[in-house]
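Quick notes on the structure that follows.
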Amino acid sequence: MARDYDREYATYQGTPAQKKRRAMRNKARRLLIKNGRAKKGDGKDVHHKDHNPMNNSLSNLKIASIASNRSRKI
């Protein structure tokens, strides 16, 4: 069964709440780049220790490999 990307965007990715969460994840990445803890194109993810992308305090953020960050269970 083929994915319906238009429907996915309309029902999840394009919702105002999800757009805000994505913007905050991007902001966290920019914050760590500015702080010198991450580099553009380094192939790493920013991990929110409390799993809340709205909490961008430096003590809550760390750099993790893609595999370890995306395999974490909540």
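Small disclaimer: the values here were computed from a predicted structure and weren't measured. The residues of the chain are indexed from 1 along the displayed sequence.
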Hey, is the main chain of Asp45 close enough, under 3.5 Å, to the side chain of Arg70 for a donor-acceptor pair? no
Main-chain N/O of His48 paired with Asn55 side-chain donor or acceptor, under 3.5 Å: no
Ignoring hydrogens, what is the shortest heavy-atom contact between Lys39 and Arg29? Give both atom names and the distance. O-NH2, 2.8 Å
Inter-residue atom distance Thr11.OG1 - Asp4.CG, 0.5 Å rounding: 8.5 Å
Is Val46 linked to Leu58 within one hydrophobic cluster, defined over Ile, Leu, Val, Met, Phe, Trp and Tyr using a side-chain heavy-atom separation of less than 4.5 Å? yes
Could you pull out the closest heavy-atom pair between Ile63 and Ala38, with the gap in Å? CD1-CB, 3.5 Å
Taking everything shown except Lys27 itself, do over 12 heavy atoms lie less than 6.0 Å from its NZ? no
Tightest non-hydrogen contact, residues Lys19 and Gly14, listed as CE-O, 3.3 Å
Locate the shortest heavy-atom distance separating Ser65 from Lys44; write the atom from each residue and the value. CA-CD, 4.0 Å
Atom CE of Met24 and atom NZ of Lys20: how far apart are they, to the nearest 0.5 Å? 5.5 Å
For the student: nearest non-hydrogen atoms of His47 and Ala64, plus distance: CB-CB, 4.2 Å
Any sub-3.5 Å donor-acceptor pair from Asp50's side-chain atoms to Asn60's backbone N or O? no
